Amino acid sequence: MREWMPNGVEPQRGAYRFKVQDKEGDDFWIVAEPAGTPLTIVSTTGADLQIGIDLAVGISRSDAEALVKAMNIAIARIVLF
């Protein structure tokens, strides 16, 4: 992985599980919850930030659930660099 990282950058890797979560009304999105070592993502207020994925318009909840299932199988870690 080092060959494509900027010089002087130390990557962070975090293990996460994905799930579909309700937002407002009938809206939903995908959120990532720590499943082991989380990433250290801190906002300007000092609070840990969360990872959320907005879905394209028209994606059904069942399509989102299928996507989450595939993500949980295929994604080992999220990497920040």
Side-chain angles (χ1 to χ4, degrees):
M1 175 174 2
R2 289 244 181 244
E3 61 273 6
W4 52 266
M5 288 180 21
N7 287 334
V9 173
E10 189 61 36
Q12 285 192 59
R13 291 175 184 80
Y16 285 79
R17 298 289 296 165
F18 301 94
K19 73 175 195 172
V20 176
Q21 184 174 18
D22 292 326
K23 284 170 88 171
E24 299 170 8
D26 294 333
D27 202 10
F28 52 88
W29 63 339
I30 294 174
V31 295
E33 295 182 336
T37 304
L39 294 167
T40 304
I41 311 170
V42 180
S43 71
T44 56
T45 64
D48 286 343
L49 297 177
Q50 304 300 309
I51 298 171
I53 301 167
D54 283 328
L55 301 169
V57 174
I59 297 293
S60 69
R61 189 173 193 100
S62 63
D63 287 342
E65 295 285 355
L67 177 58
V68 161
K69 183 177 179 180
M71 291 169 71
N72 284 327
I73 291 169
I75 298 173
R77 285 177 297 285
I78 296 174
V79 181
L80 296 180
F81 61 95

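All values derive from a computational prediction rather than experimental measurement. Residue numbers run from 1 in the order of the sequence given.
Of the listed residues (Gln21, Lys19, Gln50), just one forms a side chain to side chain contact (heavy atoms under 4.5 Å, CB included) with Glu33, and that residue is Lys19.
Clustering ILVMFWY residues whenever any of their side-chain heavy atoms sit less than 4.5 angstrom apart, transitively, puts Val31 in a cluster other than the one holding Leu80.
Across Arg17 and Ala35, no two heavy atoms sit closer than the pair CG-CB, 3.4 Å. Among all heavy-atom pairs drawn from Ala64 and Ile59, the shortest one is N-CG2, 4.0 Å. Scanning both residues, Arg13 and Leu39, for their nearest heavy atoms gives C-CD2, 3.5 Å.
In this structure, Tyr16 OH and Met71 CE are separated by 12.5 Å, a value rounded to the nearest 0.5 Å.
For the pair Phe18 and Ile51, the minimum side-chain heavy-atom distance is 4.5 Å or more. The side-chain heavy atoms of Leu67 and Leu55, taken from C-beta on, include a pair separated by under 4.5 Å.
Residues passing the side chain to side chain donor-acceptor pair (under 3.5 Å) test with Arg61, sequence neighbours excluded: Asp22. Asp54 pairs by the side chain to side chain donor-acceptor pair (under 3.5 Å) definition with Lys23, not counting sequence neighbours.
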